[in-house]
Amino acid sequence: MSSFDENDAFEGASLSARAIAARPAPYLDELNPAQRAAVEALDGPVLMLAGAGTGKTKALTARIVHLLNTGRAQPNEILSVTFTNKAAREMKDRVGRMLGQAVEGMPWLGTFHAICVKLLRRHAELVGLKSNFTILDTDDQIRLLKQLIAANNIDDKRWPARQLAGIIDHWKNRAWTPAQVPGSEAGAFNNRGTELYDQYQTRLRELNAVDFGDLLLHVVTIFQTHEDVLAQYRRWFKYILVDEYQDTNVAQYLWLRLLAGEHKNICCVGDDDQSIYGWRGAEVGNILRFEADFPGAQVVRLEQNYRSTPHILAAASGVIAGNEDRLGKTLWTEAESGEKLRLIGHWDGEEEARWIGEEIEALQRGTRRLPPFDLDQIAILVRASHQMRAFEDRFLTIGLPYRVIGGPRFYERLESRDAMAYFRVVVSPDDDLAFERIVNTPKRGLGDKAQQTIQGIARANGVSLVDGARIALANGDIKGKGGAALRQLVDDLARWHDLTRGPLLAFDEDDTAVIDDGPAPQPRFGDPDLNHVELAQIILDESGYTAMWQNDKSPEAPGRLENLKELVKALEQFDNLSGFLEHVALIMDNAQGDDGAKVSIMTLHAAKGLEFPVVFLPGWEDGLFPSQRSMDETGLKGLEEERRLAYVGITRAEQLCTISFAGNRRVFGQWQSQLPSRFIDELPEDHVEVLTPPGLYGGGYGAASPMQSGLETRASEANVYNSPGWKRMQDRSSARPQSQSRESRNTVIDLKAVSAYTVGDRVFHQKFGYGAVLGIEGDKLEIDFDKAGIKKVVARFITGADDVPF
DNA sequence: GGGCTGGATTTTTTT
DNA sequence: AATCCAGCCC
């Protein structure tokens, strides 16, 4: 590392500072005064307080371009960190567009985690790792902790691994190594937390693995203990930019301070009112303290909002004003006043979903006051993911296309994880956790006993499980059917492993390679005759994994096979299996096919940074939102975070925002009556149109008539809510005919599709599985599903059972 | 060793 | 309601 040479390092830069310095700077003219001030204050610490929808990303990218344009830095001397891959991608795109294809790449623009992986690969040996360490996901982490808990004779019923994982994660977020955990935490996990944390870290090192928290923790440790390394990067990263600064945790904060320590050219962008990740270690204090941390910091406030109507902004401001701990901003806009927020109560969650479904269809057609909307201009934002279900069920029945964002993520699905475990053992045969996962999947007759034998032998000989298995076989410790299957597996693994190591094609040519002469970057092997995509397919087929699902009669099996197919296809975009595996470990967001217009359903957390013309915010009920748990665990602090979540939700809307709540909701399969959220009382009356009469939820709203709505809320339906008492309402809602307002769309297509089926046909449905057609009603089929019971479903959501993939 | 059953337990939010 | 796990029986 000492041979680091700055001149060398610069050679990789893809464009010369001088070449662009001569360019004009049209991007500056497109900024408002505040944005421009934030962009032009290049030196020294800058805090950009950017309210929702105030052009934060625009300012941030303009700043990067300005740094390049003025010749202050080369692309690879700017460190810019984001939290999500999506944000990183967007910034890269926008910088490229602003500069006009000039920049080959910004190697140090990425998420905290992705950047830390790069750094850690280069200095792994300083924390006792090899540079090809694997990154464990939560699942592996839990299994490892379970083993540790068992080894320590702790009752995992009373002290579950999940809890320990949470504690350790919390400590890592605060940048505490086992030795640094303060005494005040000694009581954690029945007084054994610290000790187990220590054991866990040791085990990780043995496995040459890290978990998510380690990525930051290790890098911070390296910076703290190796001045020369730190000095190198301090010189290297001349300018630092941080997005979503309000979400940084202590470890990230330390990391930034260490790097910015000398030149202090750090620009942090954030909005204290949008800090919603306290539960995972984010410290709002970081942003609140910025001026104290960096004396002489310039603070720029972006307050002109370009997204929402005044009513929406006013409502959001009214709610967030209830928080004590904030720096304070006043958002304003030049937009026309537009629609008020709409508020409506429902009998229960299903009714809420039904109503929203009808509203969406009305919005599609167009209403008196608003233009017609496309489905992808509409979003439903929920507090907790279990709320999504009611909407999915409803939308499937009425045939309304929707997309769940951030739901059960592709790479987290069982079959994806199994397949990737195979890839992992093939790539690195000493990945014990992956081996454990696949050794008996599909079933090979290798149960607990055989696995324990392997474990024991591996431990006794200090080798990996795969090698342990080899020894066990050689000793004749595992015989019979299981033994034969194990022999087959072990041989296959070795064979596949050899196939990954064709001739050496190249070294990682990522331009970060020039930063130092540390450990060699990931070598790229390849075999011109057999690419990794084919190899992956071979692994899945020859291992019997594909066959396992083909023989599986459960309704999910076809979907899983489909996912496997997709997984293999996803490999095409990578150079090799290990590149793919690293991508998956870091990039858990699934960029699903954006085919066609669909309503988006997602959590409020997932919605941060997004915007939609029309937003529905269902489930505003005390206990659900604000979440009871959040209030129980962190009291007022938790409530304030929930309130910020409400603020985030409302400010996602550009033109129309509808808040709703239900009087009854099923929780854990049990009906529970609900009270409207306290946040509803905090909405400023002048900016809200109440579609619900007073009395229904006991709030303080006056006599606003539901009839005033310019939308197609049917008078008859609105009247329901004018009648006092729950009972009448219930009668009405159950008596109301299944909505007739939707047939207009796609009738022709649906009828055609319907005609493809006759009673008795075996069919398949993505969500409900296999079933048989009972009857045909209009554009819908009545189907008796094997697992899900009798349901009516629109025909185009159905496939003939024979047409199912695989 | 594997599969089934009944009982407990779950629901925040995620890089 | 749905999933997960331990314990039981084959």
Side-chain angles (χ1 to χ4, degrees), chain A residues 81-88 110-117 135-138 141-142 146 156-157 160-162 165-166 169 172-173 211-216 243-244 247-249 251-252 275-282 349 381-390 393 405-409 411-412 414 440-453 478 480-483 485 556 584-590 602-608 619 623-634 638 641-642 644-645 648-649 665-672 787-789:
Chain A
V81 271
T82 62
F83 272 84
T84 65
N85 297 290
K86 201 172 69 194
T111 64
F112 275 103
H113 296 273
I115 290 172
C116 282
V117 171
I135 303 165
L136 299 190
D137 55 34
T138 22
Q141 203 184 334
I142 296 288
K146 266 193 182 143
D156 70 337
K157 266 281 189 251
R162 289 209 149 278
D169 196 51
K172 288 185 175 176
N173 284 337
D211 66 17
F212 254 87
D214 281 337
L215 292 175
L216 269 146
D243 195 10
E244 308 280 14
D247 288 335
T248 49
N249 61 33
Q252 288 156 340
S275 162
I276 54 175
Y277 285 107
W279 51 272
R280 84 172 187 216
L381 312 181
V382 298
R383 175 62 184 89
S385 49
H386 70 265
Q387 289 173 266
M388 294 179 180
R389 201 200 151 118
D393 282 353
I405 299 198
R409 286 170 294 189
Y411 294 127
E412 277 176 12
L414 178 81
N440 203 28
T441 309
K443 301 267 176 277
R444 294 190 174 88
L446 298 163
D448 280 350
K449 211 167 156 205
Q451 289 185 44
Q452 264 160 31
T453 310
I478 300 173
K481 228 172 143 199
E556 304 92 51
V584 170
L586 288 176
I587 304 180
M588 294 303 270
D589 64 342
N590 41 339
M602 69 189 91
T603 63
L604 287 162
H605 284 87
K608 193 165 74 155
L624 178 58
F625 187 40
S627 137
Q628 192 58 50
R629 189 165 159 185
S630 161
M631 292 187 292
D632 288 349
E633 284 174 6
T634 40
E641 181 153 314
E642 295 287 307
R644 291 193 291 266
L645 212 40
V648 167
R665 203 171 280 278
R666 210 162 31 188
V667 183
F668 299 141
Q670 203 108 51
W671 283 100
Q672 232 183 343
K787 291 271 158 88

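All of these numbers come straight from a predicted model, not from anything done at the bench. Naming: A, B, ... by sequence-line order, numbering from 1 per chain.
- Side-chain contact between Phe212(A) and Asp169(A) is absent, with no heavy-atom pair separated by less than 4.5 Å.
- If you check every strand for non-hydrogen atoms under 4.0 Å, Asn440(A) touches sugar and phosphate atoms only.
- Residues satisfying the side chain to side chain contact (heavy atoms under 4.5 Å, CB included) criterion with Thr111(A), sequence neighbours excluded, are Thr82(A), Asn85(A), His113(A), Ala114(A).
- Atom pair Trp279(A):CH2 and dT11(B):P shows a separation of 13 Å (rounding to whole Å applied).
- Contacts of Glu633(A) classified as side chain to side chain donor-acceptor pair (under 3.5 Å), with partners at least two apart in sequence or in another chain: Arg629(A).
- Between Ala606(A) and Gln451(A), the one whose closest nucleotide on DNA chain B sits nearer the 5' end is Gln451(A).
- The residue Ala450(A) sits close only to the backbone: its heavy atoms come under 4.0 Å of sugar-phosphate atoms, none of a base.
- Between the CG atom of Leu446(A) and the P atom of dG1(B) there is a distance of 8 Å, given to the nearest Å.
- A close approach under 4.0 Å does occur between a side-chain nitrogen or oxygen of Thr603(A) and OP1 or OP2 of dT14(B).
- Look at CD1 on Ile405(A): it is 17 Å from C1' on dT15(B), rounded to the nearest Å.
- Between the CG atom of Leu624(A) and the P atom of dT13(B) there is a distance of 11 Å, given to the nearest Å.
- Applying the ring-ring contact (aromatic ring centres under 6.0 Å, His included) rule to His605(A) yields the partners Tyr277(A), Trp279(A); only residues at least two apart in sequence or on another chain are considered.
- Under the ring-ring contact (aromatic ring centres under 6.0 Å, His included) criterion, Phe112(A) pairs with Phe83(A), Trp255(A), sequence neighbours left out.
- Judged by distance alone, with hydrogens and angles left aside, the side-chain atoms of Gln451(A) form a donor-acceptor pair with the main-chain N or O of Leu446(A) at under 3.5 Å.
- For the pair Asn249(A) CG and dT13(B) C1', the computed distance is 16 Å after rounding to whole Å.
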Could you write nucleotides 1-10 of chain C as a row of B, S and -, 5' to 3', where a protein heavy atom under 4.0 Å of any base atom gives B, of only sugar-phosphate atoms gives S, and otherwise -? BS--S-----
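- Spacing between atom NE2 of His605(A) and atom C1' of dT11(B) amounts to 14 Å, rounded to whole angstrom units.
- If you take CD1 of Ile142(A) and C1' of dT14(B), they are 14 Å apart, rounded to a whole angstrom.
- When the P atom is used for both dT13(B) and dC4(C), the distance is 15 Å, rounded to whole Å.
- Counting to the nearest Å, the C1' atom of dT15(B) and the CG atom of Asp137(A) are 13 Å from each other.
- Annotation: side chain to side chain contact (heavy atoms under 4.5 Å, CB included) contacts of Asp214(A) (sequence neighbours excluded): Lys172(A), Gln201(A), Leu204(A), Val210(A), Asp211(A), Leu217(A), His218(A).
- Considering only side-chain atoms of Lys443(A), the nucleotide from dT13(B), dT14(B), dG3(B) that sits closest is dG3(B).
- Sequence order on DNA chain B of the closest nucleotides to Glu633(A) and Lys449(A) puts Lys449(A) first from the 5' end.
- Residue Tyr277(A) and nucleotide dT14(B) are not classified as a stacked aromatic pair, given the requirement of ring centres less than 5.5 Å apart at an interplanar angle below 30°.
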